[in-house]
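Given the structure is predicted, the values throughout are model-derived calculations rather than measurements.
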Amino acid sequence: MLPRSFADDVRNQADIIRIVSDYVALKKRGANWIACCPFHSEKTPSFNVHPGKGIFKCFGCGAGGTVFDFVMRTDGLGFFDAVRVVAEKSGIPIPRDVAPSDGAEKADVWRKRLFELNAMAAEYFEHQLGLGEEGLRALDYVEGRGIGNSTREKLRIGYAPNSWDALSAYLAGKGATRDEIMESGLVTRRESGSGYYDRFRGRVIFPILDVQGRVIAFGGRTMGDDGPKYLNSPETAVYTKGRHLYGLTWAREAIRKSGFAVLVEGYLDVAIPLQEGIENVVASLGTALTEAQARLLKRSMTKPKIIVNYDPDTAGQQATTRTFETLLAQGFKINVLTLPDGMDPDAFVRERGVDAYRAAQRDTVPYLDYVTDRAMASHDVSRPSGKADALNDVLPFVAQIENELERVEYARRVAERMGIEGDVWRKELRRAASRRDPRIDSERVVPRASMTELERQILVVLFADAGVRFRVLPEIEVTDIEGLASEPIFRALLHAHEAGESIGYAGISEKLTETERQDLASLVTAELADITNAWKLSNGEDLADAVRRNCLAQLRRTGLQRELESIQLQIRQLEASPDSERERLSALYMRKMALGRELATLTAQPR
């Protein structure tokens, strides 16, 4: 145990302002220094540091204490580890008479030993990169990914040989006991329960460092297609998933200077921009950002701002959306960068250069615009129900904005972006934003569609004639009936036909809601003869052909026109978008032309 007198000496000699400044962006105010508290979410600074008294105090959440208390809270350390950290940062020599003891001191001793084991493993991996045939192949891979020598050394990239026990034998040779190796997270226990084998084999290794620059875990990337692409360390006494950010060790100062951070997904997305001089980049290690990671990142900024630059694939988009909720809760201003052609930051910087990446960072979109665009792409906003669904995707994010005037203004922007007009719509949206409701009441704004004469005619014929059902139902496509008042009845008919069920009004009625049954009941009194007489069947034309001529073609035209309206709305919204949307815009133009050709063909057919 460290002598208590040594802890007192460190506390008296340490500059609390310099220590706290490593974690929080402080500003001088009178005799004290202030910042937004790193321990809770706030916009107005209530965190104070008193250099004369050597203490800190937050008047928002009540956190306070000495420099040791601060380091213990921010780094998750025990008392004696916090004393060591402050001593090291202050250049104060640490006594060597440290001995293990029970309880907390024992845990501190194991943490220190674990740091030593990780440091030994990192040195071993670094040495293996470029050593022998295996190591040279790994070095070729690293260099092929554009990583130069200086970056490789800075990030301490290494290689784990394809061996079951190379690392564990090395650690044992350095004095590590069997139990220490077993608990280090560097090996995997055999299923038989007897013995262990190296966790990382045949992989390029990226050490994960804490904010003090100590190795706490490792990430291993395969060089081929065998096994999972990435393999990470398990949780240990010094590493908890979701509490660390890859690259923060090197990014903290750049984040402080620039005032914002760039959040990416993987190791190489940090390494390549860093190599080219973009240093304010951190990675969430392949997952959506956690609350602990957001708090850790927030400590480096007075007014937290971030650009989220996750991969543009489906998983990346989902992680982006989940990350918004976490960042908003911590008071971040969020913009989103989506790179073109499905590229991640690593590939983009290597292929298009660092200047293009810097330019892309200046051309980001606010997170609500991103959420709105995704909602519009997911729903048919040319239809009232689609608009309501899209708005309900966006409103949970609007509801998280603290200021009521800002919420209402953002709701107005969302409505404008979606092309929403009409007093009823805008009033309901304003009401939801003002009250922080995460949804609008669809029944207030979406009038219930009425069944058209065209829908009524085709349904009456389908119920009346089994032969027509057999020939016509397989030709009906989902897009033909989407959005119709009669869609539930059509879907019930299609399902019953595919299942080989007997079709009648009573059986179909059981599959419908009360409101839908009322529509079905309106068909019962219709006479088939009245409909066929109105169609004026030509000589020899059977009823199925008449349904195709009089109904199906018109249903299809109506469906295609609805899709065309939706695409035209999306095109108008995207025409002013950055280059990252050009690929999607081109696809929409192609679909618009295809729809035009289909409509022209249908219109040319005799009715």
Side-chain angles (χ1 to χ4, degrees), residues 114-209 215-236 238-239 241 246-247 265-272 275 283 285-287 344 346-347 350:
L114 195 47
F115 282 126
E116 292 172 351
L117 293 173
N118 284 338
M120 285 189 279
E123 290 172 4
Y124 172 78
F125 292 141
E126 285 182 272
H127 181 68
Q128 293 299 312
L129 186 63
L131 185 67
E133 184 177 341
E134 252 194 277
L136 285 171
R137 190 167 65 252
L139 182 59
D140 286 343
Y141 173 83
V142 171
E143 291 177 342
R145 295 303 299 258
I147 299 175
N149 291 341
S150 59
T151 303
R152 190 178 74 240
E153 291 170 4
K154 185 172 188 173
L155 273 57
R156 304 190 63 185
I157 297 171
Y159 175 67
N162 193 15
S163 165
W164 294 100
D165 61 358
L167 174 62
S168 48
Y170 173 82
L171 294 175
K174 289 284 188 177
T177 67
R178 180 183 177 84
D179 288 344
E180 287 176 340
I181 295 172
M182 185 80 81
E183 297 300 320
S184 67
L186 296 167
V187 298
T188 300
R189 194 184 300 269
R190 295 188 184 278
E191 291 184 6
S192 64
S194 133
Y196 49 76
Y197 55 87
D198 290 354
R199 173 178 292 272
F200 300 103
R201 304 181 308 280
R203 291 175 178 267
V204 172
I205 299 296
F206 294 86
I208 301 169
L209 280 58
V215 179
I216 55 173
F218 298 91
R221 192 193 195 287
T222 182
M223 297 182 291
D225 298 325
D226 51 324
K229 183 187 290 186
Y230 285 102
L231 180 67
N232 296 318
S233 293
E235 293 192 355
T236 67
V238 298
Y239 173 66
K241 292 178 182 178
Y246 182 72
E265 283 190 50
Y267 305 105
L268 291 170
D269 295 329
V270 170
I272 297 302
Q275 178 172 269
L285 298 171
T287 61
D344 55 27
D346 159 37
R350 282 190 288 114

So, Tyr141 versus Arg137: side-chain donor-acceptor pair below 3.5 Å or not? no

Taking all atoms of both residues into account, what is the closest heavy-atom pair of [X] and [Y], and its distance?
| X | Y | answer |
| --- | --- | --- |
| Arg203 | Tyr159 | O-CD1, 3.2 Å |
| Tyr124 | Pro161 | OH-CG, 3.6 Å |
| Ala271 | Ile147 | CB-CD1, 4.5 Å |
| Ser168 | Asp165 | OG-O, 3.2 Å |

Within the 4.5 Å heavy-atom criterion, are [X] and [Y] side-chain neighbours or not?
| X | Y | result |
| --- | --- | --- |
| Glu126 | Ile205 | no |
| Phe206 | Ile157 | yes |
| Asp344 | Glu265 | no |
| Val204 | Arg145 | no |
| Asn232 | Leu285 | no |
| Tyr246 | Leu155 | yes |
| Arg152 | Leu129 | yes |

Can any side-chain N or O of Glu180 pair as donor or acceptor with the backbone N or O of Leu117 at less than 3.5 Å? no

Using the rule given for side-chain contact (heavy atoms from CB on, under 4.5 Å), can you reason through Asp179 versus Glu183, listing the C-alpha separation, both sets of side-chain angles and the distance that settles it, and then say yes or no? CA-CA 6 Å; Asp179 288 344; Glu183 297 300 320; 5.5 Å; no

Can you tell me how the ring of Phe200 sits relative to the ring of Phe218, calling it parallel under 30°, perpendicular over 60° and tilted otherwise?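 Correct class here is perpendicular.
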
Looking at Tyr196, does the NZ or CZ of Arg189 lie under 6.0 angstrom from its six-membered ring centre and within 45 degrees of the ring axis? no

